[in-house]
A.B. asks: 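This structure is in structure tokens; I'll ask about it shortly.
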Number of protein chains: 2
Amino acid sequence: MRMQKAQPKIKDVAHAAGVSTATVSRALTQPERLSEATREKVFEAIQATGYRVNRAARNLRTRRAGAILVLVPNLGNPFFSHILSSINEVLAANGYSVLVFDSQQHGASEQVVSDCLLNGSVDGLITLDGRVSDVTRQTLKNANMMRQVVFCCEWSDHLPVPSIRSDNALGTQMAVDHLVALGHRAIAHVTGPAENILGRVRKDAFSACCAAHGLDILPDWIIPGDFSLAAGVAAADRILAMGTRPTAVFCASDAMALSFISRCQQRGVSVPHDISVVGFDDIDLAAFSQPALTTIRQDRPGLGRLAAEELLAHLHGDQKSDGPHVIYAPISLIERSTTSAPAALRAEPGRVAKPAI
Amino acid sequence: MRMQKAQPKIKDVAHAAGVSTATVSRALTQPERLSEATREKVFEAIQATGYRVNRAARNLRTRRAGAILVLVPNLGNPFFSHILSSINEVLAANGYSVLVFDSQQHGASEQVVSDCLLNGSVDGLITLDGRVSDVTRQTLKNANMMRQVVFCCEWSDHLPVPSIRSDNALGTQMAVDHLVALGHRAIAHVTGPAENILGRVRKDAFSACCAAHGLDILPDWIIPGDFSLAAGVAAADRILAMGTRPTAVFCASDAMALSFISRCQQRGVSVPHDISVVGFDDIDLAAFSQPALTTIRQDRPGLGRLAAEELLAHLHGDQKSDGPHVIYAPISLIERSTTSAPAALRAEPGRVAKPAI
DNA sequence: TTGTATGCGTTATCAC
DNA sequence: GTGATAACGCATACAA
């Protein structure tokens with residue numbers, strides 16, 4: 001029937017071990033600088049007292065926080081949360097806490113970021129959100145925090161910091177080459193949001209690849225989307241209503257690809273028999289949909305891990321890795337069952353060419 | 001070409017405003033206790049100097065952290081990350097940071113939790129993971145932190161703290177009643193993991209409901225699963241191989257339901273024509289699958305919000321809400337297109353009874 | 001209503 | 001290799 005026991009402090013440990021507080025502190029942070037005897041004594045005392053270092057006090061003294069802020073656009077999106085998971089793993093293994101914030105929270109984002117960065121509650125920032133406001137950019141400069149920021153997945157060309165990403169242009173090329181190799185020449189593209197860097201890059205790469213292959217892509221076949229399930233449905237409705245339909249569709253996200261396919265099936269159009277579909281991301285469900293989705297795989301664990309490691313390198317002062325350099329995570333085409341030769345070619349399978357990469 | 005400007009401290013603001021540091025501090029924490037004149041002066045000085053409170057110093061002094069730890073089993077699972085998002089929203093609005101940790105990280109979980117709780121880097125804990133080790137339980141007791149813990153979604157009966165959850169038994173009953181109302185009497189259940197509280201509760205409720213309806217459920221029809229996509233495929237293979245097949249399946253998660261359906265379609269079995277399927281969760285994809293999934297909707301935003309609000313109430317000392325009470329978030333049956341009357345009844349639609357709830 | 005002075009628990013700088 | 005002691009930046013009890 002007592003109050004809670006007061007948390008033992010470093011002083012209590014020092015007392016129990018018969019040493020000074022300085023020695024206890026050293027045992028915690030640079031054990032190699034103590035004699036083996038005292039080191040043992042101290043650790044025993046720590047065990048005995050149940051001592052835990054007080055983070056606030058340590059942070060105040062060392063001017064570090066032991067925490068990293070991760071900015072995620074839409075936490076509810078499994079693509080991002082999966083990356084967050086692998087970031088969390090690496091940082092936790094290195095003694096850092098992960099502070100997470102959904103950057104799509106109504107407007108509060110900027111305030112939170114600048115607060116965290118300026119009040120020292122965070123040592124660095126990994127952002128999966130490529131939209132960086134002028135205010136935030138200025139905040140980073142003022143706080144001299146430029147070197148403690150890393151982009152992951154998305155990025156902004158206006159902020160000269162390291163960027164971990166997939167090679168989106170290459171992925172797009174893989175998708176288009178795959179379709180062309182199957183014999184498709186009429187290919188549509190459901191894009192990401194215009195304001196999103198990934199949407200833009202993939203769309204531009206799509207146009208470039210089609211041009212390189214000498215394909216004649218109707219303007220109508222570039223269908224604006226936003227990565228969402230709803231956008232895939234809308235795109236399907238648009239394509240099914242077209243006079244001259246494309247024979248294949250490259251969707252900028254798996255979510256759009258999956259809902260696109262569902263909508264087609266619902267309206268009696270078969271995938272890949274009537275139309276081939278390629279997605280982007282390789283989310284978990286892609287392998288389990290019916291038919292299983294052909295898609296471009298992004299290495300989500302790798303993206304998160306690389307971003308975390310890059311940031312750690314900066315925090316620990318590895319100068320070599322400075323500046324706005326780009327690190328690409330592996331990307332690959334996963335051929336499943338939503339792509340096949342177009343109907344027109346199917347009668348003469350001999351014509352299905354090998355990839356002309 | 002200078003070093004970064006040193007962060008202004010409270011002393012600098014005091015100087016600029018011509019007041020004492022105490023007054024500045026009060027302006028920050030209890031502005032109403034200042035005269036309007038000085039308050040304005042202070043805020044102007046804050047603006048002018050670009051002052052931000054140093055969190056570490058404040059935390060050390062107030063013995064609070066301004067942060068909440070959220071324990072998520074499998075951050076990569078969109079069901080959880082979506083809840084995390086809504087927790088984040090409420091807590092951020094109340095000035096708390098959210099520290100997140102994936103509790104399925106290999107073993108590190110216990111260490112991290114006890115560290116966070118004992119070293120004061122966190123004011124409270126919301127856990128979406130019902131597995132609470134003896135060590136963690138003891139840690140909570142020792143740190144006298146029992147009143148700063150809230151369960152969300154999952155829970156453990158061995159830890160007497162508030163629990164926000166869906167009424168899983170009711171949801172299960174809704175699913176079974178729905179199928180029975182359609183005329184099904186041979187219903188299978190793909191369960192969650194045996195060690196998971198949700199898996200157990202839903203399975204028990206399923207058996208109870210079937211008994212209440214006088215259904216004869218073969219032991220084989222209770223198929224062990226684990227909420228995953230792979231488990232749905234395995235379950236489909238088992239059911240399709242059965243001599244006497246059930247006419248309907250209640251899956252303990254949407255993930256299993258969706259992959260179950262895909263597998264059925266792949267093997268030429270039509271849903272709902274040959275077999276009806278009900279899921280649990282209502283994840284985003286449920287509405288967009290083909291056919292759209294009939295399922296039990298959990299109110300994910302509500303679950304997160306309620307958990308965050310409950311914890312805030314405790315932190316702010318509302319005694320009324322103490323102890324291991326349970327708060328249920330809304331749950332409902334979402335009828336879509338994966339359920340219909342069983343084949344045997346379809347010839348005589350007159351027999352399709354109304355729900356006998 | 002405002003100012004003064006102290007301490008929160010650590011780590012870093014000196015001595016020894 | 002170890003000990004004494006002064007910050008770190010803020011909030012609050014107490015005094016005015």
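What you see is a predicted model, and the numbers here were worked out from it, not measured in a lab. Lettering follows sequence order; numbering is per chain, from 1.
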A.B. asks: Base, sugar-phosphate, or nothing: which does B/Arg52 touch, judged by heavy atoms less than 4.0 Å apart?
C.D. replies: sugar-phosphate
A.B. asks: Does any pair with a residue in residues 18-27 of chain B pass side chain to side chain donor-acceptor pair (under 3.5 Å), and if so which ones, sequence neighbours excluded?
C.D. replies: B/Ser20-B/Thr23
A.B. asks: Take atom CG of B/Leu34 and atom P of D/dA11, then tell me their distance rounded to the nearest Å.
C.D. replies: 13 Å
A.B. asks: Please confirm whether the backbone N or O of B/Val132 pairs with a side-chain atom of B/Thr136, one donor and one acceptor, at under 3.5 Å?
C.D. replies: no
A.B. asks: Would you mind telling me which residue lines up with the more 5' stretch of DNA chain D, B/Arg58 or A/Thr38, judged by nearest nucleotide?
C.D. replies: A/Thr38
A.B. asks: Between A/Asn59 (CG) and C/dT11 (P), how many Å, whole number?
C.D. replies: 10 Å
A.B. asks: Can you tell me how far C1' of D/dG9 sits from CG of B/Asp12, to the nearest Å?
C.D. replies: 11 Å
A.B. asks: Find the distance B/Gln30:CD to D/dT12:P and express it as a whole number of Å.
C.D. replies: 7 Å
A.B. asks: I need the CD1-P distance between B/Ile10 and D/dA7, as an integer number of Å.
C.D. replies: 19 Å
A.B. asks: Between N or O atoms, less than 3.5 Å apart, protein on one side and nucleotides 5-8 of chain C on the other: list the pairs.
C.D. replies:
unit_1	atom_1	unit_2	atom_2	d
C/dG7	N2	B/Arg61	NE	3.4
C/dG7	N2	B/Arg61	NH1	2.8
C/dC8	O3'	B/Arg63	NH2	3.2

A.B. asks: How sharply is the helix from C/dT1-D/dA16 to C/dC16-D/dG1 bent, taking the axes over five pairs at either end and rounding to 10 degrees?
C.D. replies: 30°
A.B. asks: Under 4.0 Å from OP1 or OP2 of C/dG3: is there any side-chain N or O of B/Thr23 that close?
C.D. replies: yes
A.B. asks: Are the side chain of A/His314 and the backbone N or O of A/Arg147 linked by a donor-acceptor pair below 3.5 Å?
C.D. replies: yes
A.B. asks: How far does CG of A/Asn144 sit from CD of B/Gln7, to the nearest 0.5 angstrom?
C.D. replies: 11.0 Å
A.B. asks: Would you mind classifying the nucleic acid contact of B/Val19 as base, sugar-phosphate or nothing, using non-hydrogen atoms under 4.0 angstrom?
C.D. replies: sugar-phosphate
A.B. asks: Give a yes/no on whether any side-chain N or O of B/Arg33 is located under 4.0 angstrom from OP1 or OP2 of C/dT1.
C.D. replies: no
A.B. asks: Which whole-number value in Å describes the distance from B/Glu36 CD to C/dT1 P?
C.D. replies: 12 Å
A.B. asks: Between B/Thr29 and D/dA11, is there a contact of a side-chain N or O with OP1 or OP2 at under 4.0 Å?
C.D. replies: no
A.B. asks: Describe the nucleic acid contact of B/Ser35 in one word from base, sugar-phosphate, nothing, applying a heavy-atom distance below 4.0 Å.
C.D. replies: sugar-phosphate
A.B. asks: Using a strict threshold of under 4.0 Å (side-chain N to carboxylate O), is an ion pair present between A/Asp12 and A/Lys9?
C.D. replies: no
A.B. asks: Roughly how many Å is it from CZ in A/Arg64 to C1' in C/dA12, rounded to a whole number?
C.D. replies: 15 Å
A.B. asks: Would you say A/Ser81's side chain and B/Leu75's backbone share a donor-acceptor pair under 3.5 angstrom?
C.D. replies: yes
